[in-house]
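Notes follow once the structure below has been shown.
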Amino acid sequence: MIILDVNKLSKNFGYGQLFEDVSFSLNEGESISIVGPNGCGKSTILKVIAGLEKIEKGVVNIKKGAKVAYLDQTGSSIDDERCVYDILKDAFKDLNEMEIRLNKLQELMSSNLPEEQYNDVLNKYCNLMERFSIAGGYDIDVNINTVVEGLKIDNNLLYQSYNDLSGGEKTLVQLAKALLIKPDLFLLDEPTNHLDIDRIEWLESYIKTFKGATVIVSHDRYFLDRMSNKILALDNGAKVYNTNYSGYLTERQRDFEKQMAEYKNQQLAMKRLEEQIKYFAERGMATNSSTLCDRAHVLQTQLDRMRKRAVEKPKEQKKINVGFDEVRKTSKRVIVAEDLTISVPNGKTILDNVNLNICSGERVALIGANGSGKSTFIKAVMGTQDLPIKGTVFVGPSVKIGYLPQIINFPNGEQKLLDYFKEEVGLTEQRARQILAGFQFYKDDVNKRVKNLSGGEKIRVKLAELLQQKINTLIFDEPTNHIDIPTKEVLEEAIEDFDGTLIFISHDRYFINKFADKIIEFKDGGTTTFFGGYDDYKEAKKRLDAKQSQVLTKKTKK
């Protein structure tokens with residue numbers, strides 16, 4: 001049964017066409033992911049479907065009576081003094097209204113009603129209570145607890161005011177509320193933002209239990225692979241691919257090659273026609289032959305018609321000119337931690353006697369839940385950790401580090417981008433402009449105040465800075481956060497050409513799979529090392545859990 005049908009949807013905000021002729025439909029159990037560069041209209045399509053943006057052209061049909069849940073990226077801007085638990089209960093609107101009616105009927109029955117009126121109220125109460133029970137009214141707390149536990153929302157947070165939460169916590173609450181609605185149509189805009197890997201994988205499992213349809217906007221390619229059976233690509237027009245993200249990449253490349261071949265063949269045919277027209281026109285004029293001139297005229301008409309129907313040259317994604325300037329020589333031991341212990345002022349130990357070794361040329365992913373100590377370890381390596389440290393962190397003497405932090409700050413937010421970059425890298429204005437243009441900062445872009453740069457723009461600026469440094473070790477803290485997929489692909493191309501040591505914190509499983517040959521998991525103050533990419537890590541964890549389960553079973557039997 002069709003849940004959602006979108007037909008020839010177009011949107012124009014007055015400064016040009018955002019998207020045009022977008023069409024797709026979703027049946028029960030189907031999921032489509034919208035992909036494309038930032039600014040192509042992905043989030044706007046979700047808002048149009050949700051009824052939050054006006055439909056200028058086209059039609060959106062949602063199955064009559066279908067429940068729709070919309071998770072956007074602005075949960076942190078919502079103002080609500082109520083506690084988190086009451087906000088989560090809003091997901092059960094119909095049940096809440098039934099509960100209010102039940103309480104009113106119960107109050108009536110407690111008053112001194114005549115027997116006939118009492119029996120009438122009792123009958124209504126019993127009927128409503130039966131409907132309430134069948135609809136899951138007594139399972140509200142169970143459902144809330146399931147989602148709260150799955151998303152690892154602290155019980156103390158449930159009774160805090162929503163306005164007192166951090167931006168990440170607010171997004172988490174809005175996600176939990178959307179899940180509790182159990183919609184027929186789920187609209188998700190960057191649902192994995194602010195989630196660690198465990199939460200993301202729980203979310204994937206939870207969403208897969210829905211029988212409805214899902215529309216997803218996400219930069220998490222692993223998530224797109226697991227959750228999508230359709231892809232709507234907005235990078236060059238609008239086209240639907242009946243596959244997951246990896247399949248879409250293959251088909252997109254095939255489409256590009258086919259269109260490029262058609263374009264080249266047509267250009268060659270038109271060139272030949274131009275040569276023939278020139279030959280017949282010149283010969284006709286030279287010999288005063290009307291036949292040859294007529295032939296040139298016929299061919300010119302044919303060429304004009306061909307130009308009108310010409311295949312458009314396929315657009316290649318503009319790529320940032322990235323290439324790290326490497327210092328080849330480096331110490332064999334890049335980073336060594338021995339009995340490293342770090343505690344916070346309240347006494348909680350973040351890292352407890354950690355021992356690990358990272359060697360030259362390794363590509364190491366640091367993973368673990370938020371707050372498990374990954375960023376704390378990197379800060380200790382970089383010497384920016386202001387917490388008391390016990391044990392040692394050794395960095396090889398010839399190690400030259402290029403560091404990209406998770407939170408990018410600038411010394412003077414009012415400074416213009418061009419001025420900041422010139423001062424930071426010590427280049428002339430002309431050379432600084434050339435480099436920034438290579439990172440897609442054109443014309444007036446370089447006059448932006450650095451405080452007004454988006455997350456993706458800040459990443460690009462810092463990458464441009466790294467280019468000017470001679471390095472043999474890259475350390476990235478969540479490098480793919482806040483950047484779109486095309487920019488991720490460019491960053492990945494640069495890393496592929498980098499021969500040095502790579503150390504990165506990431507919740508991006510696609511990125512981990514692509515680069516890691518070693519994974520260090522931070523958990524409960526300690527670390528465990530696994531070899532291979534993310535999928536290898538998951539298999540190793542399964543085997544480890546199975547062994548531990550067998551040991552526990554043997555102990556229980558004894």
Side-chain angles (χ1 to χ4, degrees), residues 1-11 19 22-35 41-78 80 86-98 135-137 139-140 143-144 146-147 150-151 162 170-193 203-218 223-224 227-232 234 240:
M1 181 180 291
I2 293 179
I3 301 289
L4 171 67
D5 184 50
V6 176
N7 189 28
K8 292 191 175 299
L9 196 65
S10 299
K11 187 72 176 178
F19 53 79
V22 171
S23 298
F24 64 90
S25 62
L26 291 176
N27 295 311
E28 292 178 350
E30 287 188 326
S31 175
I32 191 168
S33 294
I34 309 174
V35 300
K42 301 185 294 292
S43 296
T44 301
I45 290 176
L46 288 186
K47 290 177 181 177
V48 169
I49 295 171
L52 301 175
E53 281 282 354
K54 182 183 176 183
I55 298 175
E56 293 176 354
K57 186 179 178 183
V59 178
V60 174
N61 286 318
I62 299 173
K63 188 183 80 170
K64 189 176 180 181
K67 286 195 292 183
V68 180
Y70 170 55
L71 175 73
D72 68 2
Q73 301 178 51
T74 60
S76 59
S77 65
I78 296 172
D80 200 321
D86 289 337
I87 289 172
L88 295 181
K89 274 198 75 176
D90 285 349
F92 306 94
K93 182 181 177 182
D94 293 342
L95 291 174
N96 292 336
E97 290 175 355
M98 290 170 71
D139 296 327
I140 289 176
N143 289 327
I144 289 177
T146 297
V147 172
L151 290 177
Y162 182 80
K170 288 179 178 179
T171 301
L172 203 57
V173 170
Q174 292 301 322
L175 173 58
K177 179 182 172 182
L179 291 170
L180 287 167
I181 291 173
K182 292 187 177 179
D184 301 291
L185 177 61
F186 215 165
L187 308 174
L188 299 171
D189 196 351
E190 297 295 352
T192 62
N193 276 6
L203 174 63
E204 289 170 350
S205 300
Y206 195 89
I207 292 176
K208 283 182 177 179
T209 64
F210 287 135
K211 295 178 182 178
T214 312
V215 185
I216 300 168
V217 170
S218 178
F223 183 79
L224 297 182
M227 304 308 297
S228 310
N229 45 40
K230 289 183 178 182
I231 300 288
L232 169 62
L234 298 178
V240 174

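Hydrogens, waters and symmetry mates play no part in the numbers below; they use all other heavy atoms, side chains included.
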Hey, are the side chains of Pro183 and Phe210 touching, using non-hydrogen atoms and a 4.5 Å cut-off?
yes

Is Lys11 reaching over with its side chain to a backbone N or O of Lys54, donor-acceptor style, under 3.5 angstrom?
yes

Working to the nearest 0.5 angstrom, can you tell me the gap between Lys182 NZ and Thr209 OG1?
7.5 Å

For Lys63 against Ile2, the heavy-atom pair lying closest together:
CB-O, 3.7 Å

Among Val60, Asn27, Ile32, Asn61, which one satisfies side chain to side chain contact (heavy atoms under 4.5 Å, CB included) with Leu4?
Val60

Quickly, which of Leu88, Asn143, Leu71, Leu151 forms a side chain to side chain contact (heavy atoms under 4.5 Å, CB included) with Leu179? Name it, please.
Leu151

Taking the side chain as every heavy atom from C-beta outward, state whether Val147 and Tyr206 have any atom pair closer than 4.5 Å.
yes

Within a strict 4.5 Å, meaning less than it, do heavy atoms of the Met98 and Leu95 side chains meet?
yes

If you apply the rule side chain to side chain contact (heavy atoms under 4.5 Å, CB included), what do you find for Val6 with Val48, and how did you get there?
CA-CA 10 Å; Val6 176; Val48 169; over 6 Å; no

Starting at CG of Asp5, measure out to OG of Ser23 and round the result to the nearest 0.5 Å.
8.0 Å

Kindly give the heavy-atom pair with the smallest separation between Asp184 and Ile3, and that separation in Å.
O-CG2, 3.6 Å

Inter-residue atom distance Ser31.OG - Ile231.CD1, 0.5 Å rounding:
8.0 Å

With side chains defined as the heavy atoms from C-beta onward, is the minimum distance between Val22 and Leu234 less than 4.5 Å?
yes

Using a 6.0 Å cut-off, check whether atom NZ of Lys57 has over 12 heavy atoms from anything other than its own residue.
no

Output yes when a side-chain donor or acceptor of Lys89 lies under 3.5 Å from a complementary backbone atom of Asn96, and no otherwise.
no

Closest non-hydrogen atom pair between Tyr162 and Gln174, with its separation:
OH-NE2, 3.1 Å

Pairwise distance CE(Met227) to CG(Leu203) - rounded to 0.5 angstrom:
6.5 Å

Test side chain to side chain contact (heavy atoms under 4.5 Å, CB included) applied to Ile49 and Leu185, step by step
CA-CA 10 Å; Ile49 295 171; Leu185 177 61; 4.0 Å; yes

Return the CG to CG distance between Asp80 and Asp86, rounded to the nearest 0.5 Å.
9.0 Å

With the side chain counted from C-beta on, respond yes when Ile207 and Leu188 share a heavy-atom pair under 4.5 Å apart, and no when they do not.
yes

Student check: side-chain heavy atoms of Phe19 and Lys42 closer than 4.5 Å:
no

Which heavy-atom pair separates Lys230 from Ser25 by the least distance, and what is that distance?
NZ-O, 2.8 Å

Specify the closest pair of heavy atoms between Lys211 and Glu28, including all atoms of both residues, with the distance to one decimal.
O-CB, 3.3 Å

Please name the pair of heavy atoms, one in Ser33 and one in Leu224, separated by the smallest distance, quoted to 0.1 Å.
OG-CD2, 3.3 Å

What distance do Leu180 atom CG and Leu175 atom CG have between them, rounded to the nearest 0.5 Å?
9.5 Å

